[in-house]
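This report refers to the structure that appears directly beneath it.
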Amino acid sequence: MDWKDTLNLPKTEFPMKGNLPKKEPEILKKWEDINLYEKLRKERKGKEKYILHDGPPYANGNIHLGHALNKILKDILVKFESMKGKDAPFVPGWDCHGLPIEQQVEKQLKKEKKRKEDLTKSEFRKLCREYASKYVNIQREEFKRLGIIGNWEKPYLTMRPSYQAQEIRELGRIFNSGIAYRGKKPVYWCIYDKTAEAEAEVEYKEKKDPSVYVAFEFLEKPFEILKKTYAVIWTTTPWTLPANLGIMVNPDFDYVFLDIGEKIFIVAEELLESFKEKTGLEGNVIKKVKGRELEFLEYKHPFIDRVSKIYLSEFVELGTGTGLVHMAPGHGQEDYIIGQRYGIQPFAPVDDEGRFTLEAPEFIQGVKVFDANALIIDKLEEVGALLFHEEITHSYPHCWRCKNPVIFRATPQWFISMDGILENGNTLRGEAIKEIERVKWIPNWGENRIKSMVENRPDWCISRQRTWGVPIAVFYCKNCGETVKNLEVFEHIAKLVENYPYGADIWFEKKTEELLPEGYRCPKCGSDKFEKEEDILDVWFDSGVSHSSVLKTGFWEELRWPADMYLEGSDQHRGWFQSSLLEGVASYGRAPYNSVLTHGFILDEKGRKMSKSVGNVIPPEKVIKMYGADILRLWVVSEDYTEDIKIGMNLLKGIADDYRKIRNTFRYFLGNLYDFDPVKNTVHYEDLLEIDRWMLSKLQRVIDLSLSAYQNYRFHRIYHEIKKFMIVDLSAIYLDILKDRLYVYAPNSLERRSAQTVLYSMLTSLSKLLAPILSFTMEEVWNYVKGFDKNAKESIHLEIMPIVNQDMIDRDLEEVYKDLLKIRDDVLKVLEKARELGIIRHPYEAKVILDIPEKYKKLVEERIDWIKFFFTVSQVEISKKVEGKPVIRGEKTGGSFAVKKAEGHKCPRCWIYDISVGKDGQVVCDRCAQQLEIMNININQIEEAK
């Protein structure tokens, strides 16, 4: 037997190295083997529910870091709510329809030298379904690898027949409420993808365009002016001039008549100087009028035989141009609104591909709109209507899918009216704004953001001219044109879709008479001849009804409506948050969520957007292979995710270092609890050593702050609080001090059991607090806890969060230790100095002499019997005469500190220097002799003692 055999040295198989890339898949398999998700449902059955409804990622391609950030945040929140004791199910979902999938399938067909046009709609939809299914399965495995616990066996898919059926029922409710209408009005149109687009599908990028000033001659000379008079407009879209049906002026602005000799030009007074500077025209102002005085004056189109009028518009501003705005109701939202006010129908002589139709002047027929700009400018110059022309770069809407510029184009579409009147007599817009004010938005700026969007948004265009999606399930009477839109017919179609293996494909496969109820006739004229709508629903409608298709139908019995939380990126204020809100309010009179949490976007270490072209994209798979998913999870909470967060290999290396420190702290706990039985060995609070009570008090504060941070979604605060506690309070102070007591004292001594009681409390509390974040590592820790704690559950995720024990919070004691730590800091400084001078090599070789102010002196005197262990030295002396080498002035206490060589000899067992070592032939110090006696160890049996 050696001296070390008489010590209680740490024992644990918990490895120092995480080896997470290898270990995590083993833990995932365990979760699958025990069916953890189902176990959680049984364990929490009957408890208060917490529903976080998953916003569906798109089933296209592998997951990226944005997906990882989003799903990890959701998982942290769901696990926390579950560990609070709530029934917090999580049903993941996927958005499976839409243009990007169609485009990928078309690419595949091209490789096979096939054309989409050669396939039936059903054949094409089958290929889309297979493509979406493939990526649902790929992404499912990638999300599971991140440690996300959810109902992966039964996720929701927007292409599932039951989902599509409910979507058709929701569409029926919208039609029944009277706020859906078919109209020809301008919508964003992608001439490359040949479909209408939602506002949320448009992104703004820089584009070069012509900037032209154009003169429109009045039909008759206004205000008894004898010279030819012209209204001057400015536009950056000359291609829209063939659709000009009016000129808009602001009724309250002042407009001046500039006489340049042969002609007179009208511009806004405030923009006159910039107009003269641009065009180089000079002259005298001969008249000034208010905009309202110009209303209904007639003018001739410069190159089309058409007479139009001037109209009043509040949308005209004085930022740029002339203060007179060319109005094309077929190509602009505000133009359309003013056109409707004056009874002017939109006109857009442009086809689906953006080519001018036969309704346009002959010189541009068949030409694409952007190519037509140059031709139109030449024509304006030819007829003498062009006053100035230059190129400008400005922000312009682009399609988020194909990245090409979009146009505004009036086409027949289905819309949900934002100002349509609901059953309660209020508008959809008004009710949606009320709901926005009721919902809790985190961060709170989200409320103003979505509110301003809803206040200003146009009607919702819900139709798309594509194939892969859910049909707008309406019929048109061939005889009288009546739209069939009653609830019974929608329900009939929904049942057909629900009971068909390929869901909505039935709409495209069956004839109209096979889809309608038997014997159905037009409610208006009695005809039995109908045609069906060929357009499909906007994908934002698809996902916007998920609250009903997933939470309301009972298909997932663990769920309920409405959701407690929607959690997505801040771009979803324009997208899913808004479409869900509008659909929920239109159908059920309320938002389908009670709170909405948003996160920012991911940037590289230099703060740049992730981009393949820049080469700064980091796939989640790369991080997992190198470090493990827990490092990615720790990264998610390392910064405030409500803002944009950075990632890079250097940042990840720093997070991996933090992880190692956290892991080693848990290894320390486990290593020193190998012989601890919480039932038998726990020491009552009042019997604990003072320093242990202090640490328990500190622990309660960490629990309190962490629970509060979870509750307020400030996850980064949990990470920083626990990290600080583990690295500063524990590793650098408490655990360092504790080693002597844990190793030296008899296994069953109060000194050791008191320390172990606190270590056990810290182990269980901190592992539970960190379980939602470091899900794999804390499960690994828990497997070792189960080895000595018979009450520990099968998985840490089945456990309940620790609660703050108010009786253990001792503010006075914390104040005492604040002062004791100041003294300790000054002691450590003098020890460091002594080590530098070669006086000592190890702190145990030191005796520290202190002369400190009274308040500190009293604290040391009261604890003189054990304070040396707190300072990690062999002896402490308080003296007015501070002698030794070195001597320093304490920065924290203002006292004097000196170091001398410790008296006596080094105890071979505990390494402390003591005068009792060697006295009367005693090999060890008095303390060790006493502990050995308690342990029934005969010193003579120890080899090193002979």
Side-chain angles (χ1 to χ4, degrees), residues 58 98-100 103 184-212 234-243 315-317 319-321 325-339 346 348 350-356 368-373 376 391-411 413 415 418 449-450 452-466 538-541 569-579 601 609 611:
Y58 202 62
L99 186 59
Q103 288 172 328
K184 187 177 181 183
K185 59 188 290 189
V187 292
Y188 286 114
W189 185 272
C190 180
I191 62 177
Y192 302 90
D193 295 329
K194 298 189 280 294
T195 185
E197 298 212 328
E199 253 194 302
E201 295 169 327
V202 167
E203 55 190 26
Y204 282 80
K205 293 197 291 189
E206 294 293 289
K207 180 178 184 287
K208 258 190 182 175
D209 271 319
S211 160
V212 295
W234 168 77
T235 182
T236 56
T237 53
W239 67 265
T240 61
L241 288 172
F315 299 118
V316 176
E317 293 174 344
T320 46
V325 177
H326 136 65
M327 180 177 113
H331 292 302
Q333 179 61 29
E334 292 164 354
D335 307 34
Y336 172 81
I337 292 167
I338 300 304
V350 173
D351 68 12
D352 290 1
E353 292 183 344
R355 295 182 187 280
F356 279 101
K368 282 209 166 186
V369 289
F370 298 121
D371 297 335
N373 276 330
I376 289 169
E391 288 251 307
I392 62 160
T393 300
H394 63 151
S395 181
Y396 188 88
H398 285 66
C399 171
W400 70 283
R401 297 184 188 95
C402 69
K403 308 302 178 193
N404 287 304
V406 295
I407 63 171
F408 252 115
R409 173 179 177 241
T411 55
Q413 303 284 351
F415 295 90
M418 289 301 295
R449 188 161 192 256
I450 192 169
S452 68
M453 288 173 175
V454 170
E455 280 170 345
N456 299 304
R457 70 161 290 154
D459 290 349
W460 181 4
C461 175
I462 58 168
S463 48
R464 294 291 179 271
Q465 294 65 46
R466 304 300 298 182
D538 169 23
V539 287
W540 292 105
F541 191 87
S570 53
D571 55 333
Q572 295 307 322
H573 288 114
R574 291 180 66 188
W576 189 56
F577 299 153
Q578 204 175 130
S579 62
F601 297 105
K609 197 177 169 186
S611 151

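Quick caveat: nothing in here was measured; it's all calculated off a predicted structure.
Residues Glu206 and Ser395 are in side-chain contact: their nearest non-hydrogen atoms beyond the backbone lie under 4.5 Å apart. Ile337 is listed as a side-chain neighbour of Gln333, based on a closest heavy-atom distance under 4.5 Å. Residues Val454 and Met418 are in side-chain contact: their nearest non-hydrogen atoms beyond the backbone lie under 4.5 Å apart. Side-chain contact between Lys194 and Gln465: absent, with no pair of heavy atoms (C-beta onward) separated by less than 4.5 Å.
Between the CG atom of Asp351 and the OG1 atom of Thr411 there is a distance of 12.0 Å, given to the nearest 0.5 Å. The distance from the CG atom of Asp571 to the CZ atom of Phe601 is 4.0 Å, given to the nearest 0.5 Å. How far OH of Tyr192 is from CD of Gln103: 13.5 Å, rounded to the nearest 0.5 Å. With values rounded to the nearest 0.5 angstrom, Gln413 atom CD is found 10.0 Å from Asp538 atom CG.
Summarising the geometry of Pro346 relative to Tyr336, their closest heavy-atom pair is CG-CE1, 3.9 Å, with the distance given to 0.1 Å. Taking both residues in full, the closest heavy atoms of Gly98 and Val539 are given as CA-CG1, 3.5 Å, listed atom of the first, atom of the second, then distance. The shortest heavy-atom contact between Phe577 and Gly569 is CE1-O, 4.1 Å. Considering all non-hydrogen atoms of both residues, Thr240 and Ala328 come closest at O-CB, 4.0 Å. Of all heavy-atom pairs between Ala410 and Lys184, the closest is O-CE, 3.7 Å. In plain terms, the two heavy atoms of Asp459 and Lys185 that are nearest each other are OD2-NZ, 3.3 Å.
For the pair Arg409 (side chain) and Val350 (backbone), a donor-acceptor distance under 3.5 Å is present. A donor-acceptor contact shorter than 3.5 Å links the side chain of Thr235 to the backbone of Thr237. A side-chain donor-acceptor contact under 3.5 Å links Trp189 to the backbone of Asp352. The backbone N or O of Trp540 lies less than 3.5 Å from a partner atom in the side chain of Ser579, making a donor-acceptor pair. When atom types are taken as modelled, the side chain of Glu203 and the backbone of His398 share no donor-acceptor pair closer than 3.5 angstrom. Checked by atom type and distance alone, the side chain of Arg574 pairs as donor or acceptor with a backbone atom of Val202 at under 3.5 Å. Formation of a donor-acceptor pair under 3.5 Å by the Arg464 side chain with backbone atoms of Leu99 is not found in this model.
Taking the six-membered ring where tryptophan is involved, the planes of His394 and Tyr396 are tilted, since the angle between them lies from 30° to 60°. Ring geometry for Trp460 against Phe541 counts as tilted: the plane angle lies between 30° and 60°, on a 0 to 90° scale.
Crowding of Glu317 atom CD: a count of heavy atoms from other residues, nucleotides or ligands under 6.0 Å not exceeding 12. Within a 6.0 Å radius of NZ in Lys609, other residues, nucleotides and ligands contribute 12 heavy atoms or fewer.
In this structure, Lys208 forms no cation-pi arrangement with Phe370, as its terminal cationic atom is not both closer than 6.0 Å to the ring centre and no more than 45° off the ring axis.
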